[in-house]
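Predicted model, so just to flag it, every value in this text is computed and none were measured.
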Protein chains: 2
Amino acid sequence: MGRKQTKSGKIRLTEVAKLAGVSPITASRFFRNPEALSLSKRERVDSAVKELGYVPNLAARALASHRTEVIGVVIPSLTNNVFADVLRGIYDSSEGSRYTIQLANTRYSILQEEKLLRLFRAQKPAGLIVTGINQTAESRKILESMNCPVTQIMEIGDSPVDMMVGFSHYDAAFSAISHILEQGRRRIGFLGARMDPRVQRRLDGYRDAMKGASLFDPNLVVTTSVPTTVTLGGTLFTDLLAQTPDIDAVFCVNDDLALGTLFECQRRQIAVPRDLAIVGFNDLEFAAAAVPSLSSVRTNRYEMGRHAVTMVIDAIEGRRPREPVIDLGFQLMVRESSTPSTI
Amino acid sequence: MGRKQTKSGKIRLTEVAKLAGVSPITASRFFRNPEALSLSKRERVDSAVKELGYVPNLAARALASHRTEVIGVVIPSLTNNVFADVLRGIYDSSEGSRYTIQLANTRYSILQEEKLLRLFRAQKPAGLIVTGINQTAESRKILESMNCPVTQIMEIGDSPVDMMVGFSHYDAAFSAISHILEQGRRRIGFLGARMDPRVQRRLDGYRDAMKGASLFDPNLVVTTSVPTTVTLGGTLFTDLLAQTPDIDAVFCVNDDLALGTLFECQRRQIAVPRDLAIVGFNDLEFAAAAVPSLSSVRTNRYEMGRHAVTMVIDAIEGRRPREPVIDLGFQLMVRESSTPSTI
DNA sequence: CAATCCAATGGTAGCGCTGTCAATAATTGT
DNA sequence: ACAATTATTGACAGCGCTACCATTGGATTG
């Protein structure tokens, strides 16, 4: 015999089968398709498993079945609070299922994404969740050849690889701007950082809303590719102010920038909302707590994570959703920072 | 033959070996221990791998070798910004290594932790990273029987299961309080949420520092087991104010509470720092941007993640660290919220 | 009551890789 | 130069599980 004897304590499926008085293959079926067993055998195997404390060897299972029970998740950032919420939804939904989450981070690089997808393909995941709809042509090809359910999250679009859960960033921004316009503001600035595809679409929504009111002015827009921080919000706002001093409102592509803008206003004694209205995006928890409370666009991130996993698992198990694209929408949370001052 | 023919396109190690003109086992060694190959064979295998686009089958490898290349990571929360930074360090350090991160979330439940550790044990990870030092006796037993390197992160203590990276929460809080006392403040409140073991130790540090100055008063302390939010900071501060109106400083166990306290002060027209000094914990990015900027205790979370992975990988590969416990320390970031008003 | 069917179960043969150990080639020392 | 040592390489036998197909026995049917 070529190798060390199997440790006597080691419990394999064979041991379970022996104790239960069935063949190994029947014991195997107990895990994969219990309904196929007669009630009596099912009970016998069940108690044998419990008595021996048997735990399946996933590597052997994967090797023999050419499948894994891994759901790959590809996100662009671990720092961004937005993804923390999505991930929470994903992990919460995957618990209690047989599936394991395998996380990978692209750091907003579509080439890194391509590389990660190639890696995932090699490991034959049971399902895949990827962020956004702006994959490279090559990435898309990989996704399509993946031969497993794929859900794109964060936004929705016309040509899903397979399934989608998200919302329209364009509509969300458009609706935020419409709200600010309704408040009678005319010179609405735009602060954007990172400028990933979803932020770009928010910019599009902003631009079209402003153009619709014949109020668009490129001098109202300040963007950077630098990652978002609260501090950066102050910097961008300062730039905007230098460039266009007569602004009466600012739409920030996320709440961190909005908070930074608010702080900068405090520093400069600009009264919010009297002199300047501020609207953020995502409705992070602090938005409601700020003074003045920050208006924001609530996005359903936790639910997005939950849906994504549920859709993928359902599809893996043959329960394809009737509607492959789910729009989770958004809610405009109107608060003090964009409504008439009560002072 | 019992099963579907292997797809002709499928590239196995055998194919690589054939193309390289070596035996499969030599090709196998190319991946596990390339130095053992002669230069010529190494090059031949290398080009064969590239030419065929071979990707190892991890399941087969795990099954045959009785090992996996998975590092398990057990953390209590996905929402908490603190862990986002740690995770970023962990993922950054694991990239480029052969190891894969497997994340599991206890939601601050030590029973859930026990369950997760049991799961991990069954899968024989190559290494393990767990949060904190307050495992149940049973969890500790599992960790010790795990037969792989284990690193405890976030804090340090006397009896590591194996290795540790962290800092002393007690010392950090003690030093924050000492700083506030040096500013001449006497009635220093304590706001705590979640009250997990590390927060408890911060409370201990606070208590001892106050007792050292003969200034401890239980009425200065407000805690709750509710998870932290900015909004909660305002609520707890309100409670503290009702309970002990004459406070002149507040130490918050994290920056979210500190920000909530700051907002509540703005709402109540309490001048910070003139009427009240505020010191937070963790030094999240917004602390420096706030108005007034928030003093805080900087913790090296990203480095903690990086170190944890590096230590585990080194240990897996036989390079045990000379010192199993690494104290990453902390830095007190003194800012406007706790120093004499400049106005 | 034979023919048909189907649910339940088992036998066989690997999945693709690596541990062990033996065999061979290259190198060294005296 | 030749034995002793060391670096390379290979053969063999599984790791623990499941796909495929075959078999069994009982229920159903006309």
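Nearest nucleotide to the A/Leu13 side chain, out of D/dT18, C/dG19, D/dG10: D/dT18. Side-chain proximity of A/Ile25 to D/dA19, C/dG19, C/dC15: nearest is D/dA19. Nearest to the side chain of B/Leu63, among D/dC15, C/dC17, C/dG19, sits D/dC15.
A/Thr26 has a side-chain polar atom (N or O) that falls below the 4.0 Å cut-off from OP1 or OP2 of C/dG10. In this model, the phosphate group of D/dT9 is not approached by any side-chain N or O of B/Arg29 to a distance below 4.0 Å at OP1 or OP2.
Here A/Ala36 lies in heavy-atom contact (under 4.0 Å) with sugar-phosphate atoms only. In this structure, B/Phe30 reaches neither bases nor backbone, as no heavy-atom distance under 4.0 Å exists between it and the strands shown.
Residues B/Gln152 and B/Thr131 fail the side-chain proximity criterion, which asks for heavy atoms closer than 4.5 Å.
For residues 120-167 of chain A, the pairs satisfying ring-ring contact (aromatic ring centres under 6.0 Å, His included) are A/Phe167-A/His169, with sequence neighbours left out. Pairs engaging residues 13-38 of chain A under the ring-ring contact (aromatic ring centres under 6.0 Å, His included) rule: A/Phe31-A/Tyr54 [sequence neighbours left out].
Scanning for salt bridge (Lys or Arg N to Asp or Glu O under 4.0 Å) contacts around B/Glu114 gives B/Arg118, with sequence neighbours left out. By the salt bridge (Lys or Arg N to Asp or Glu O under 4.0 Å) test, B/Arg61 pairs with B/Glu69, sequence neighbours left out.
For the pair B/Ala60 and B/Pro24, nearest-nucleotide mapping onto DNA chain D gives the more 5' position to B/Pro24.
Within residues 37-45 of chain B, the residues approaching DNA chain D are B/Leu37, B/Ser38, B/Lys41, by heavy-atom distance under 4.0 Å.
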Review item, side-chain donor-acceptor pairs of residues 14-21 of chain A, under 3.5 Å, at least two apart:
from, atom 1, to, atom 2, distance (Å)
A/Glu15, OE1, A/Arg12, N, 2.7
A/Glu15, OE1, A/Arg12, NH1, 3.2
A/Glu15, OE2, A/Arg12, NH1, 3.4

